[in-house]
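One structure is given below, encoded as structure tokens.
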Protein chains: 2
Amino acid sequence: MIKFAEKPLEAVLELLGQRGVYTILRSLQNGSLRFGALQQVTALPPRTLSLRLKELEELGLISRTEHHEVPPRVDYTLTERGRGLEPALEALARWEEKIG
Amino acid sequence: MIKFAEKPLEAVLELLGQRGVYTILRSLQNGSLRFGALQQVTALPPRTLSLRLKELEELGLISRTEHHEVPPRVDYTLTERGRGLEPALEALARWEEKIG
DNA sequence: CCGCATCCCATTGGATACTG
DNA sequence: CAGTATCCAATGGGATGCGG
């Protein structure tokens with residue numbers, strides 16, 4: 001895996017190329033979401049979703065907030081750095097429309 | 001591998017996440033390049049570069065032109081569809097500058 | 001409800017050597 | 001010069017079951 005510290009862009013692209021990651025980022029543009037919700041929109045098995053979320057956290061694109069309640073509740077939010085990717089995500093979305 | 005026909009965007013993102021692909025596309029923005037030149041800018045082993053170029057061709061992002069000469073000469077060019085990705089590539093480049 | 005542990009497998013990527 | 005052949009190591013990711 002490419003290290004963010006060395007090649008931030010390549011690291012992000014590598015992660016964006018993984019299943020569900022683009023969908024996760026786009027979904028979070030509308031606000032925080034919980035693990036379960038992300039599972040539904042991405043259709044990823046829990047193990048895989050968990051891995052992707054951890055990687056997104058490591059790259060500083062999302063943050064994890066744990067609410068100490070019963071039942072447990074955790075939600076994920078775009079960070080400032082994550083929001084910085086929005087123009088790129090938008091450009092990609094527009095490209096898709098054009099050729100779809 | 002994700003099929004372009006079904007999910008064009010996911011297919012492109014998957015490919016963009018591979019080593020060297022972003023670099024290939026950016027390099028070709030300045031005009032056609034030959035296999036050897038792409039090998040130098042990407043630092044990919046020939047087998048891998050060959051695979052990536054073939055995939056980029058399948059997605060319709062680049063085209064391959066074979067000149068029947070001795071010694072052999074082949075060059076690769078961005079297609080119209082490939083150029084459509086430029087705004088997204090630019091947005092990514094700007095994101096990189098901001099955090100680099 | 002969130003998410004980790006294990007097991008498993010197909011696919012892939014890198015390195016090196018070789019050829020039309 | 002532009003690739004292909006071969007071999008090997010790593011990894012993505014699905015399924016299932018358990019734990020805080």
Side-chain angles (χ1 to χ4, degrees), chain A residues 1-4 6-7 10-25 27-28 31-59 61-77, chain B residues 1-4 6-7 9-25 27-28 31-59 62-77:
Chain A
M1 192 176 129
I2 298 171
K3 294 291 176 191
F4 180 79
E6 298 160 8
K7 299 195 167 189
E10 299 260 5
V12 166
L13 287 175
E14 184 179 60
L15 189 46
L16 252 186
Q18 305 294 322
R19 287 225 164 93
V21 172
Y22 173 78
T23 305
I24 291 173
L25 293 177
S27 304
L28 291 180
S32 303
L33 288 178
R34 306 176 58 172
F35 189 89
L38 290 171
Q39 226 179 325
Q40 290 177 19
V41 298
T42 61
L44 291 176
R47 167 189 149 82
T48 304
L49 177 57
S50 183
L51 286 172
R52 293 297 98 80
L53 290 172
K54 220 167 279 177
E55 291 161 355
L56 282 165
E57 242 194 304
E58 283 173 22
L59 297 197
L61 300 181
I62 66 172
S63 66
R64 194 186 110 109
T65 309
E66 189 167 350
H67 304 272
H68 294 280
E69 305 172 356
V70 181
R73 193 176 119 225
V74 179
D75 51 41
Y76 297 87
T77 314
Chain B
M1 191 177 129
I2 299 171
K3 292 292 178 193
F4 180 79
E6 299 160 8
K7 299 195 167 188
L9 182 53
E10 300 260 4
V12 166
L13 288 175
E14 185 179 59
L15 189 45
L16 252 185
Q18 305 294 323
R19 285 222 166 92
V21 172
Y22 172 79
T23 304
I24 291 173
L25 293 177
S27 303
L28 291 181
S32 303
L33 287 178
R34 307 174 59 167
F35 189 91
L38 290 171
Q39 227 179 325
Q40 290 178 19
V41 298
T42 61
L44 290 176
R47 168 188 150 83
T48 305
L49 177 58
S50 181
L51 286 171
R52 291 299 96 80
L53 291 172
K54 226 167 273 179
E55 290 160 357
L56 282 165
E57 242 194 303
E58 283 174 21
L59 297 197
I62 67 173
S63 65
R64 193 186 110 110
T65 309
E66 189 166 350
H67 305 272
H68 294 281
E69 306 172 356
V70 181
R73 192 175 120 226
V74 178
D75 51 40
Y76 296 89
T77 314

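Convention: sequence-line order gives letters A, B, ...; per-chain numbering from 1.
Interatomic distance, F4(A) CZ to L61(A) CG, rounded to the nearest 0.5 Å: 7.0 Å.
Rounded to whole Å, atom P of dA2(D) lies 14 Å from atom CD1 of I24(B). Rounded to whole Å, the distance from CZ on F35(A) to C1' on dC2(C) is 6 Å. Separating the CD atom of Q39(B) from the P atom of dC1(D) is a distance of 10 Å, rounded to the nearest angstrom. One can place CG of L49(B) at 11 Å from P of dG14(C), the figure rounded to the nearest angstrom. Nucleotide dC4(C) holds its P atom 12 Å from the CD atom of E55(A), rounded to whole Å. Between the CZ atom of R73(B) and the P atom of dC1(D) there is a distance of 13 Å, given to the nearest Å. Here the C1' atom of nucleotide dC2(C) and the NE2 atom of H68(A) are 13 Å apart, to the nearest Å. Note: CG (D75(A)) to C1' (dC1(C)) measures 13 Å, nearest angstrom.
Within the 4.0 Å cut-off from OP1 or OP2 of dC2(C), not a single side-chain nitrogen or oxygen of Y76(A) is found. OP1 or OP2 of dG3(D) sits under 4.0 Å from a side-chain N or O of R64(B). In this model, the phosphate group of dC2(C) is not approached by any side-chain N or O of S50(A) to a distance below 4.0 Å at OP1 or OP2.
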Hey, can you pull the donor-acceptor pairs under 3.5 Å for the side chains in residues 67-75 of chain A, sequence neighbours left out?
residue, atom, partner, partner atom, Å
H67(A), NE2, D75(A), OD2, 3.0
E69(A), OE1, R73(A), NH1, 3.3
E69(A), OE2, R73(A), NH1, 3.0

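Under the salt bridge (Lys or Arg N to Asp or Glu O under 4.0 Å) criterion, the residue pairs touching residues 45-54 of chain A are R52(A)-E55(A), with sequence neighbours excluded.
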Using the 3.5 Å cut-off, write out each protein N or O paired with an N or O of nucleotides 13-18 of chain D and the distance between them.
residue, atom, partner, partner atom, Å
dG13(D), OP2, Q18(A), OE1, 2.8
dG13(D), OP2, R52(A), NH1, 2.6
dG13(D), N7, R47(A), NH2, 3.2

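Remark: of the listed residues T77(A), L38(A), I62(A), I24(A), L38(A) is the sole one forming a side-chain contact (heavy atoms from CB on, under 4.5 Å) with L33(A).
Listed candidates were dT4(D), dG3(D), dC1(D). Nearest to the side chain of K54(B) is dT4(D).
Looking at heavy atoms from C-beta onward, Q18(A) lies out of side-chain contact with T48(A) at the 4.5 angstrom threshold. Side-chain contact between Y76(A) and L56(A): absent, with no pair of heavy atoms (C-beta onward) separated by less than 4.5 Å.
Between the side chain of S50(B) and the backbone N or O of P46(B) there is no donor-acceptor pair closer than 3.5 Å.
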